[in-house]
K.L.:
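What follows is a single structure, and I will ask about it in a moment.
Sequence lines set the chain letters: A, B, ... in the order given, protein chains first and strands last, and positions in each chain run from 1.
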Amino acid sequence: PTSAFTNAFTNAKAGMEGVDREMVKRVVHDMSVNSAHFATESRKEAAVEAKILAMKKRAASIRPSALATIKAAVDDRVARMEASRDLTKTWVHVDMDSFFASVHILERPELRDVPMAVGGMSMISTANYAARKFGVRSAMPGFIAKKLCPQLVFVDSDFAKYKHYASLTREVFKEYDPQFDAGSLDEAYLEISAYCAGKSMTPADVAEALRREVREKTKLTCSAGVAPTRRLAKVCSDANKPDGQMVIEPTRDAVAALLSSLPVRKIGGVGKVLDRTLAAFGIATCGDLLRERALVVALFSEVQSDFLLGVAIGVGGEARPARPPGWAPQRKSLSQERTFAPTADARALAAKIAALAEEVAAGLARENLLTRTVTLKMKRADFEVAQRQTSLPRPTNDAQTISDAALRLFRGEKNTHGSLRLLG
DNA sequence: GCGGATCAC
DNA sequence: TATGGTGATCCGC
Ligand SMILES: Nc1ccn([C@H]2C[C@H](O)[C@@H](COP(=O)(O)OP(=O)(O)OP(=O)(O)O)O2)c(=O)n1
Ligand SMILES: [Mg+2]
């Protein structure tokens, strides 16, 4: 597992081993460089660079004595976090392998060995491993993927199918942890310490058994990570994909050994921007993060430094979220948005808004919910996004009321919006 | 309360 | 020719 781990992690994503990344970068760039999308992305990146530069200036102005004071306080904070470390939980993160693509392969086995992606020329949801060899991946426009891999076959997505197979996997998860947490259709967190004790099985054997059962019941493969925290379990589930697993022993040393060279970008919640920001301060791995803890606390908000310190020492996310019996997830928003051929025709746009309002109202009614606010989302033809929000005098699920509110917001932007490519 | 940004999948 | 949809969270007003 260790060597596979190292190998997989020198690459961006499972299945990308051996991909000529420079070539992929060049093709993606060449296909994009003259587009409005590229221009907007470039502008956003410039804004990120500016923000980072401002942060560097701030860092340079911190007096060494101030940093030393911070350091002492940070060490105190880290010591408290360390004292709270809990190695008694056994978290498993299960993640289906190239989920959407694998579901289609079940019904069309001939697609297993030909490069295939779910989606179309505009956008790809995911790709099978044959396609990943060419650098094809999630969220890549199909026409670029096709340039990377001319033989690439597209398959239309089918959410009813994905939901069906997701429910089959959940039947299995339930046996191992009735309180399992499904983040999305294709993954779940399970806490299996009770199961292991009851069956006198090791966590590794339980993970093997779970994966075997998922395979038998669905004919789909999945990968698993086992660790004392959810965060680390998730890192591990990616390490030996596909159809593999990795276990971190529940000791402080094992956790520290893993973290010392683990790129921060592998941690859930660390995306492109935070990764770039940290990199600007010489922080690439969780080990770097721990070394630079004083700087981290000096530069980031309390919320973010709490998160980053937890990442650095591998604590956080070990407790099962406290939920009263009968608890059901409470949604905070419900939305509908749609991309279309860019148009500036105000009547046509207004009609789209009304249609979206109908759908949202139906969604609210279906879940017996009322909304207190309405947000209108607009994406201009040049991919710039703007949102306008309003609070209603009283909660509603009436389509007309929602539509009227959205149309008021829309008219308020009339002078600025011009041609749009998306409304929500 | 609002609007932009970031992140996950 | 062609760059998605849904939901959550945080920051700075
Ligand atoms: N930007 C994205 C990322 C993912 N998905 C969908 C398609 C995936 O099949 C599914 C699960 O996401 P994963 O990140 O787990 O990716 P896969 O399961 O496809 O591949 P892997 O084997 O790397 O987990 O979510 C999507 O629509 N858009
Ligand atoms: Mg997956």
K.L.:
With heavy atoms under 4.0 Å as the rule, sort G268(A) into base, sugar-phosphate or nothing.
P.N.:
sugar-phosphate
K.L.:
How would nucleotides 7-13 of chain C be written as a contact map, 5' to 3', with B for base contact, S for sugar-phosphate-only contact and - for no contact, using protein heavy atoms under 4.0 Å?
P.N.:
SSS-S--
K.L.:
Identify whether any heavy atom of A139(A) sits under 4.0 Å from a base atom; if not, whether one sits that close to sugar-phosphate; answer base, sugar-phosphate or nothing.
P.N.:
base
K.L.:
Taking any heavy-atom pair under 4.0 Å as a contact, classify L274(A): base, sugar-phosphate, or nothing.
P.N.:
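Sugar-phosphate: the residue L274(A), judged by heavy atoms under 4.0 Å, touches backbone atoms but no base.
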K.L.:
Using the P atom on both, measure dA8(B) against dT3(C) and round to a whole Å.
P.N.:
24 Å
K.L.:
Within the 3.5 Å criterion, strictly below it, is a donor on T401(A) or D404(A) matched to an acceptor on the partner's side chain?
P.N.:
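Result is no, nothing qualifies.
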K.L.:
Would you classify S32(A) as touching base, sugar-phosphate or nothing, given that sugar-phosphate means primed atoms plus P, OP1 and OP2, and contacts are heavy atoms under 4.0 Å?
P.N.:
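The answer is base, as S32(A) lies within the cut-off (heavy atoms under 4.0 Å) of a base atom.
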K.L.:
Mind checking if K234(A) touches a base, just sugar-phosphate, or nothing, with heavy atoms under 4.0 Å?
P.N.:
sugar-phosphate
K.L.:
Apply salt bridge (charged side-chain N to carboxylate O under 4.0 Å, His left out) to the pair D95(A) and K241(A), showing each step before the final yes or no.
P.N.:
CA-CA 9 Å; D95(A) 188 303; K241(A) 262 185 175 296; 3.3 Å; yes
K.L.:
So, R77(A) versus S305(A): side-chain donor-acceptor pair below 3.5 Å or not?
P.N.:
yes
K.L.:
Under 3.5 Å, is there a donor on one side chain and an acceptor on the other for S84(A) and E82(A)?
P.N.:
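There is no such pair (donor and acceptor under 3.5 Å, judged by atom type) between the side chains of S84(A) and E82(A).
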K.L.:
Under 4.0 Å between any heavy atoms, over every strand shown, what does I267(A) touch: base, sugar-phosphate, or nothing? Just pick one.
P.N.:
sugar-phosphate
K.L.:
Separation of M140(A) atom CE from dT3(C) atom C1', in whole Å?
P.N.:
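Going from CE in M140(A) over to C1' in dT3(C) covers 11 Å.
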K.L.:
Would you kindly give the NE2-to-P distance between H37(A) and dT3(C), to the nearest whole Å?
P.N.:
8 Å
K.L.:
Using atom CE of M121(A) as one end and atom C1' of dA2(C) as the other, report the distance to the nearest whole Å.
P.N.:
7 Å
K.L.:
Whether K352(A) engages the ring of F340(A) as a cation-pi pair (distance to the six-membered ring centre under 6.0 angstrom, angle to the ring normal within 45°) should be assessed.
P.N.:
yes
K.L.:
Roughly, in whole Å, what's the span from CZ in F383(A) to C1' in dG4(C)?
P.N.:
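Taking CZ of F383(A) and C1' of dG4(C), I get 11 Å after rounding.
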K.L.:
Determine which pairs satisfy salt bridge (Lys or Arg N to Asp or Glu O under 4.0 Å) with at least one residue from residues 324-342 of chain A, sequence neighbours left out, and list them in order.
P.N.:
R331(A)-E367(A), E337(A)-K377(A), R338(A)-E359(A)
K.L.:
Between L290(A) and I313(A), is any pair of side-chain heavy atoms under 4.5 Å apart?
P.N.:
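Touching, per the 4.5 Å side-chain cut-off.
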K.L.:
Determine the contact category for K272(A): base if any of its heavy atoms lies under 4.0 Å from a base atom, sugar-phosphate if only primed atoms, P, OP1 or OP2 are that close, otherwise nothing.
P.N.:
sugar-phosphate
K.L.:
By nearest atom, which of the nucleotides dT6(C), dA2(C), dG4(C) is closest to the S125(A) side chain?
P.N.:
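Comparing dT6(C), dA2(C), dG4(C) against the side chain of S125(A), the answer is dG4(C).
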K.L.:
Please report, rounded to the nearest Å, how far the C1' atom of dT3(C) is from the NZ atom of K379(A).
P.N.:
8 Å
K.L.:
Decide yes or no on salt bridge (charged side-chain N to carboxylate O under 4.0 Å, His left out) for K147(A) and D30(A), but give the supporting numbers first.
P.N.:
CA-CA 10 Å; K147(A) 192 77 169 186; D30(A) 292 353; over 6 Å; no
K.L.:
On DNA chain B, nearest-nucleotide positions of D186(A) versus T373(A): which is more 5'?
P.N.:
T373(A)
K.L.:
Tell me the interatomic distance from M123(A), atom CE, to dT6(C), atom P, rounded to whole angstroms.
P.N.:
14 Å
K.L.:
Hey, would you say the Y162(A) and H104(A) ring centroids sit under 6.0 Å apart?
P.N.:
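That pair passes the under 6.0 Å test.
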K.L.:
Side-chain donor-acceptor pair under 3.5 Å between E213(A) and Y176(A), yes or no?
P.N.:
yes
K.L.:
How long is the line joining CZ of R366(A) and P of dT6(C), in whole Å?
P.N.:
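Computing the R366(A):CZ to dT6(C):P distance gives 12 Å.
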K.L.:
So what does L422(A) touch, heavy atoms closer than 4.0 Å: a base, only the sugar-phosphate, or nothing?
P.N.:
sugar-phosphate
K.L.:
Going 5' to 3' along DNA chain B, which are the first and last nucleotides with any atom under 4.0 Å from a heavy atom of chain A?
P.N.:
dG1(B) to dC9(B)
K.L.:
Please report the distance, rounded to the nearest Å, between CG in L148(A) and C1' in dT3(C).
P.N.:
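Going from CG in L148(A) over to C1' in dT3(C) covers 14 Å.
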K.L.:
Look at all strands and tell whether V385(A) reaches a base, only sugar-phosphate, or nothing, counting heavy atoms closer than 4.0 Å.
P.N.:
nothing
